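Treat the numbers as computed from the prediction; the structure is a model and nothing was measured.
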Amino acid sequence: MTTEFDLVVIGAGSGGVRAARMAASHGANVAIIEERFFGGTCVNVGCVPKKLFSYGSHFPQEFALAEDYGYSVKGWDFDWATLRDNKSREISRLNSIYQRILNQAGVTIFEGHGHVLGEGKVSVGEITLSARHIVVAVGGKPFVPDFPGREHVRISDDLFYLDTLPKHVAVVGGGYIATEFAGILHGLGCKVTQVYRGDLFLRGFDDDIRGFIAEQMEEQGVTLKFNADIASIENSEGEKRVTYKNGERGVFDEVFYATGRIPKLDDLFAEGAAPAMTDAGAIKVDEGFATSVPGLYALGDVIDRVQLTPVALAEGMWLAAQLYGQQKPEATMDYHNIATAVFSHPNIGTVGMTQEQALAQVPAVRVYKSAFRPMRYTLGDKHARSLIKLIVDDTTDKVLGLHMAGEDSAEITQGFAVAIKMGATKADFDATVGIHPTAAEELVTLRQGVRITA
């Protein structure tokens, strides 16, 4: 067995697989090490199963809507095990595809725990591998704070494999994962309370979007408990008895913690082999993803820059081209105007700056907003709504930010992200003829803006 390589990648998630595959395509002799599952968090306990569950959780709403169009949908039933197991079968298929992609690219696969021994040396089990370059792409893991009763909580990974679906749950956290899980569980028929220690969840998103999502979720029946934090949890005959820091109490079947993710560095480095770390506990890298150890690189969630799958993919591709490609990429990775989505209920699509971020960089902006009822809900009394918002530099007319909450927001935003990345102005938007009748046309028919100064 070959134990000498040009490149050894630890972690077969999105970034690691892309780095390994692209480096091999450039002619490098590459090995990859994975101890858990191929495809990483996104494929196995993240983006993909979450989106499948999100699809599944919308059917009750669709059945209700169908009646407004003359269909009689009565007596339907939901079987959690069917959704769970069909999801698991699809994830297994994707795992096999990732392995096949690596094999076809000529990458040598080692299954086990990768352990960096020192410069150019990695162990996996009893085998020691040598490489000119090592890439750490092990991703992150859920973080649960330390408090009495911590052992009684579930993490986000657990939702995808529950034996039975709980009737009454608390979801703790205010980021992507917590807000998405609250919507999914509610859609599947659970009674849901989302608990967040701050004034309003989805910190970092535009404030209008954050407030709108809160209103819509409460309208749907999710209980939002802001400025609240759990002090302790007791397990009593299967019930989770929660005591909040303000003395209030609550009882739930399950408590899911989605309070962020931290780099997965468990037993990754031998003594004296660890690179410099950031204050937040991530691996510190320069603009070329190099660590403080010669020949050791890191990318993806383990460096805690932008924790998004497409970003890890782009980083892996950039680094492989930089190390082994004949044509070198741009001097540094471009992290500006990265579009993203939150598959909350309703979902969010966003690209560019928030209003607050824009006013920190330019003297004045023009803000255009529209809140409306999607057309397909107009035949009944459902209260679903959408909100769109454009933020424009008042001096240059350049569109600095685009934010949307509501049905199909993620799909719509992806297309407009190209225009934002190219530097489109509000005049460019105005000159574009809309597709009627669609929600997306609202973005090219906004006329009344409000000028706001810093």
Side-chain angles (χ1 to χ4, degrees), residues 1-46 48 91-141 157 263-275 283 285 289-291 293-303 309 312-313 315-317 319-324:
M1 178 184 294
T2 300
T3 58
E4 295 185 1
F5 298 91
D6 298 316
L7 174 68
V8 171
V9 179
I10 306 176
S14 300
V17 169
R18 181 61 60 89
R21 185 167 68 87
M22 296 309 297
S25 74
H26 293 310
N29 183 20
V30 183
I32 194 166
I33 302 170
E34 176 54 52
E35 67 173 326
R36 190 178 181 192
F37 36 46
F38 292 84
T41 295
C42 176
V43 168
N44 294 276
V45 289
V48 175
I91 299 309
S92 179
R93 185 185 73 86
L94 293 175
N95 267 265
S96 298
I97 288 174
Y98 269 82
Q99 292 187 62
R100 185 164 67 247
I101 287 172
L102 289 166
N103 285 322
Q104 290 174 346
V107 176
T108 302
I109 297 173
F110 292 90
E111 295 192 43
H113 180 75
H115 186 65
V116 179
L117 301 174
E119 189 174 331
K121 298 290 183 182
V122 178
S123 69
V124 51
E126 300 299 320
I127 303 170
T128 298
L129 309 180
S130 301
R132 182 181 178 187
H133 300 120
I134 299 169
V135 173
V136 174
V138 294
K141 62 180 181 179
D157 295 13
K264 190 174 180 293
L265 302 176
D266 311 65
D267 194 32
L268 182 59
F269 299 106
E271 186 175 352
I283 297 177
V285 296
F289 304 104
T291 72
V293 176
L296 180 67
Y297 299 82
L299 55 82
D301 289 359
V302 78
I303 65 173
T309 294
L313 291 170
E315 290 171 345
M317 185 178 297
L319 181 58
Q322 182 67 30
L323 293 177
Y324 302 107

Peer 1: Measuring from atom CE of M317 to atom OG of S25, what distance do you get when rounded to the nearest 0.5 angstrom?
Peer 2: 8.5 Å

Peer 1: List the atom of A20, the atom of V9, and the distance in Å for their closest heavy-atom pair.
Peer 2: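 Result for this residue pair: CB-CG2, 4.1 Å.
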
Peer 1: When rounded to the nearest 0.5 angstrom, what is the spacing between CD in E315 and CG in D301?
Peer 2: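 Answer for the CD-CG pair, E315 versus D301, is 8.5 Å.
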
Peer 1: Verify side-chain contact (heavy atoms from CB on, under 4.5 Å) between F5 and T108, making sure each step is shown before the conclusion.
Peer 2: CA-CA 9 Å; F5 298 91; T108 302; 3.7 Å; yes

Peer 1: Answer yes or no: is there a donor N or O on one side and an acceptor on the other, between the side chain of N44 and the main chain of I91, under 3.5 Å?
Peer 2: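 No.
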
Peer 1: Taking the side chain as everything from C-beta on, heavy atoms only, tell me whether L265 gets closer than 4.5 Å to V302.
Peer 2: yes

Peer 1: Given side chains that start at C-beta, do those of V122 and H115 come closer than 4.5 Å, heavy atoms only?
Peer 2: no

Peer 1: Is the shortest side-chain heavy-atom distance between Y297 and L319 below 4.5 Å?
Peer 2: yes

Peer 1: Where is the tightest heavy-atom contact between A273 and L117, given as atom of each residue plus distance?
Peer 2: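 For A273 versus L117, the nearest heavy atoms are CB-O, 3.7 Å.
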
Peer 1: For A105 and R21, which heavy atoms make the closest approach, and how far apart are they?
Peer 2: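 Distance-wise, the nearest heavy atoms are CB-CG, 3.8 Å.
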
Peer 1: Under 3.5 Å, is there a donor on one side chain and an acceptor on the other for K121 and S130?
Peer 2: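 The answer is yes; a qualifying pair exists.
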
Peer 1: In Å, rounded to the nearest 0.5 Å, how long is the span from CD1 of I32 to CG of L7?
Peer 2: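 Rounded to the nearest 0.5 Å, the CD1-CG separation comes to 8.5 Å.
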
Peer 1: Hey, is the main chain of L296 close enough, under 3.5 Å, to the side chain of T291 for a donor-acceptor pair?
Peer 2: yes

Peer 1: Can K141 and D266 be counted as an ion pair, charged N to O under 4.0 angstrom?
Peer 2: yes

Peer 1: Closest heavy-atom contact between I33 and G114?
Peer 2: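 I33 and G114 have their closest heavy atoms at CG2-N, 3.7 Å.
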
Peer 1: Is any side-chain heavy atom of I10 closer than 4.5 Å to one of V135?
Peer 2: no

Peer 1: If you define the side chain from C-beta out and look only at heavy atoms, does anything of F269 sit under 4.5 Å from I283?
Peer 2: yes

Peer 1: Which distance, rounded to the nearest 0.5 Å, do you find between the OG of S14 and the CZ of F38?
Peer 2: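 It comes to 13.5 Å.
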
Peer 1: Do R132 and D6 have side chains that get closer than 4.5 Å, going by heavy atoms?
Peer 2: no

Peer 1: For A19 versus L299, what's the shortest heavy-atom pair and its separation?
Peer 2: CB-CD2, 4.5 Å

Peer 1: Quick one: pull up CD in E35 and NE2 in H113 and give me the separation to the nearest 0.5 Å.
Peer 2: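 One gets 5.5 Å once the value is rounded to the nearest 0.5 Å.
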
Peer 1: I want to check something: taking the side chain as every heavy atom from C-beta on, are L129 and F110 in contact at a cut-off of under 4.5 Å?
Peer 2: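 The answer is yes; the side chains approach within 4.5 Å.
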
Peer 1: Check R36 with E111, please: is the shortest side-chain N to carboxylate O separation under 4.0 Å?
Peer 2: no

Peer 1: Roughly how far, to the nearest 0.5 Å, is CZ of F289 from CD1 of I303?
Peer 2: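 So the CD1 of I303 and the CZ of F289 are separated by 5.0 Å.
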
Peer 1: N29: what forms a side-chain hydrogen bond (donor to acceptor under 3.5 Å, both in side chains) with it, not counting sequence neighbours?
Peer 2: none

Peer 1: Taking the side chain as every heavy atom from C-beta outward, state whether H133 and Y324 have any atom pair closer than 4.5 Å.
Peer 2: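 Contact flag for H133/Y324 side chains = yes.
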
Peer 1: If you take all heavy atoms of A320 and A23, which pair is closest and at what distance?
Peer 2: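 Shortest heavy-atom contact: CB-N, 3.6 Å.
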
